[in-house]
Number of protein chains: 2
Amino acid sequence: MGRKAIIEGDALMAKLSDMFRRVGYEGATLARLSETTGLKKPSLYHRFPGGKEQMACEVLDDAGRWLATHVLEPLTADGSPRARIEHMASQLDRFYRGGEQACLLNLLSAPLGSDGPFQDRVSAMFEAFIDAIAAVVTEDGIAPAEARLRAERAVAQIQGSLVLSRGLGRTEPFRDALSELPDRLLGQ
Amino acid sequence: MGRKAIIEGDALMAKLSDMFRRVGYEGATLARLSETTGLKKPSLYHRFPGGKEQMACEVLDDAGRWLATHVLEPLTADGSPRARIEHMASQLDRFYRGGEQACLLNLLSAPLGSDGPFQDRVSAMFEAFIDAIAAVVTEDGIAPAEARLRAERAVAQIQGSLVLSRGLGRTEPFRDALSELPDRLLGQ
DNA sequence: GTCTATAGGAAGATAGAC
DNA sequence: GTCTATCTTCCTATAGAC
């Protein structure tokens with residue numbers, strides 16, 4: 001029962017993800033990534049031969065899997081559309097730590113018109129998020145085009161509330177966005 | 001009528017602002033700032049003795065003045081609340097180049113809980129933006145607390161639509177957010 | 001699979017000539 | 001007020017011992 005000397009897979013990815021979400025891609029230097037994980041730089045390169053870019057890609061893929069498993073799949077489960085959306089809101093609250101953690105999709109987005117190494121992953125994750133929400137809204141009797149519009153607006157609202165929470169230094173905007181989510185998606 | 005050899009105040013600030021909005025604070029290296037302005041690094045330091053941090057501060061202040069003059073002050077002008085909000089939307093469309101330019105307030109925000117050199121400016125600008133919108137909504141007969149909530153949501157929607165537009169590589173989310181703005185603020 | 005030590009280059013910033 | 005040349009620091013990345 002001795003304490004693990006070396007960080008393992010899940011905890012490692014969590015530490016890396018934390019850093020990227022806190023200071024962004026450029027701000028996440030190898031020195032900082034090394035300090036937060038307890039692994040020296042050559043050890044990080046041993047696990048991620050592609051360096052920082054590979055770390056960010058794997059962190060993004062990890063977040064994508066968490067999103068799919070804990071947020072999107074439950075949207076197709078049993079229960080009323082409203083109950084499922086409320087469940088999604090509570091999962092998003094965990095995902096973003098009550099609004100204290102920024103979104104990787106914001107921090108790793110390339111400038112519009114260019115294409116950074118993460119752009120395909122980012123846009124695919126946004127699309128998957130929007131599609132899953134739109135499906136539930138459609139299921140509740142809203143026309144598909146209107147449902148998709150509402151889903152896009154909801155995703156934007158969540159992203160923007162995270163930006164605003166960070167900018168204002170308080171998490172109320174994020175928590176308000178979550179609480180407003182069911183009515184905004186299913187209203188009238 | 002000879003061409004100016006050296007870039008002047010307004011054009012200089014525009015170039016710097018462009019770069020910060022495209023690649024963020026860390027991505028805006030002095031080499032890039034030098035290339036885009038046509039001024040060598042020592043010339044930039046001559047004009048901004050505080051270096052990159054001062055450049056970002058002045059760019060932020062510049063944006064704050066533009067926001068106050070072209071977006072917020074017209075909100076207190078003549079005309080119906082709806083007409084003023086529609087005018088604000090068209091000014092925001094210019095400000096963000098139809099959704100193609102990111103927002104400095106997003107790119108220069110410090111991690112929640114810490115306080116970067118721009119955090120005071122960023123939160124003050126967000127507050128001013130929210131206050132100005134809330135005042136118009138209140139003027140239209142909405143209770144002050146509800147008006148402020150709507151204003152916060154609207155600012156978050158705009159910010160998030162910019163994030164989403166960048167992530168998806170298309171500007172529809174931003175333009176949709178602008179068109180939805182009047183109804184969302186003044187509805188029922 | 002981890003480490004110490006270091007290479008090689010780009011970063012922010014400055015000295016001093018013109 | 002601009003420039004060439006340079007400084008120091010920090011960055012990503014690797015060599016090679018254990």
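This structure is a prediction, so every number in the text was calculated from the model and none was measured. The chains referred to below are lettered A, B, ... by the order of the sequence lines, with proteins before strands, and numbering in each begins at 1. Heavy atoms only: backbone and side chains are in, while hydrogens, waters and symmetry mates are out.
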Chemist: Could you tell me whether the side chain of A/S43 and the main chain of A/L39 form a donor-acceptor pair under 3.5 Å?
Modeler: no

Chemist: Which whole-number value in Å describes the distance from A/R47 CZ to D/dA13 P?
Modeler: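 In whole Å, D/dA13 P and A/R47 CZ are 18 Å from each other.
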
Chemist: Look at B/R184 together with A/E180 and state whether they make a salt bridge at an N to O cut-off of under 4.0 Å.
Modeler: yes

Chemist: In whole angstroms, how far is the P atom of D/dC11 from the CG atom of A/L44?
Modeler: 14 Å

Chemist: Measure the acute angle between the ring planes of B/F174 and B/Y96, then classify it against the limits of 30° and 60° as parallel, tilted or perpendicular.
Modeler: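 Geometry flag for B/Y96 against B/F174: perpendicular rings.
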
Chemist: Can the positive tip of A/R21 be found less than 6.0 Å from the middle of the six-membered ring of A/F95, inside 45° of the ring normal?
Modeler: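 Yes, A/R21 lies over the aromatic ring of A/F95.
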
Chemist: OP1 or OP2 of C/dG1 sitting under 4.0 Å from any side-chain N/O of A/S43?
Modeler: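 No, no such contact exists.
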
Chemist: Would you list the protein and nucleotides 15-18 of chain C atom pairs, both N or O, that sit under 3.5 Å from each other?
Modeler:
none

Chemist: Extract from the structure each pairing of a protein N or O with an N or O of nucleotides 7-12 of chain C at less than 3.5 Å, listing the distance.
Modeler:
unit_1	atom_1	unit_2	atom_2	d
C/dG12	OP1	B/K52	NZ	3.0
C/dG12	OP2	B/L30	N	2.7

Chemist: Is there a path of hydrophobic side-chain contacts, each under 4.5 Å between heavy atoms of I/L/V/M/F/W/Y residues, joining B/L112 to B/V155?
Modeler: no

Chemist: Is there a side chain to side chain donor-acceptor pair (under 3.5 Å) between B/R175 and B/T171 once you walk through the steps?
Modeler: CA-CA 6 Å; B/R175 288 182 286 150; B/T171 59; 3.2 Å; yes

Chemist: Salt bridge or not for B/D18 and B/K15, using N-O below 4.0 Å?
Modeler: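 Between B/K15 and B/D18 there is no salt bridge, as every charged N stays at least 4.0 Å from the carboxylate O atoms.
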
Chemist: May I have the distance from A/L33 (atom CG) to D/dC11 (atom P), rounded to whole angstrom?
Modeler: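 My rounded result for the distance is 11 Å.
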
Chemist: Are any non-hydrogen side-chain atoms of B/L105 and B/F126 less than 4.5 angstrom apart?
Modeler: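 Heavy-atom side-chain distance check passes, below 4.5 Å.
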
Chemist: Please state how far atom CD in A/E35 lies from atom C1' in C/dC3, giving the value in whole angstrom units.
Modeler: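 Atom-to-atom, A/E35 to C/dC3, this comes out as 17 Å.
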
Chemist: Mind calculating the distance between NE2 (B/H46) and C1' (D/dC3) to the nearest angstrom?
Modeler: 12 Å

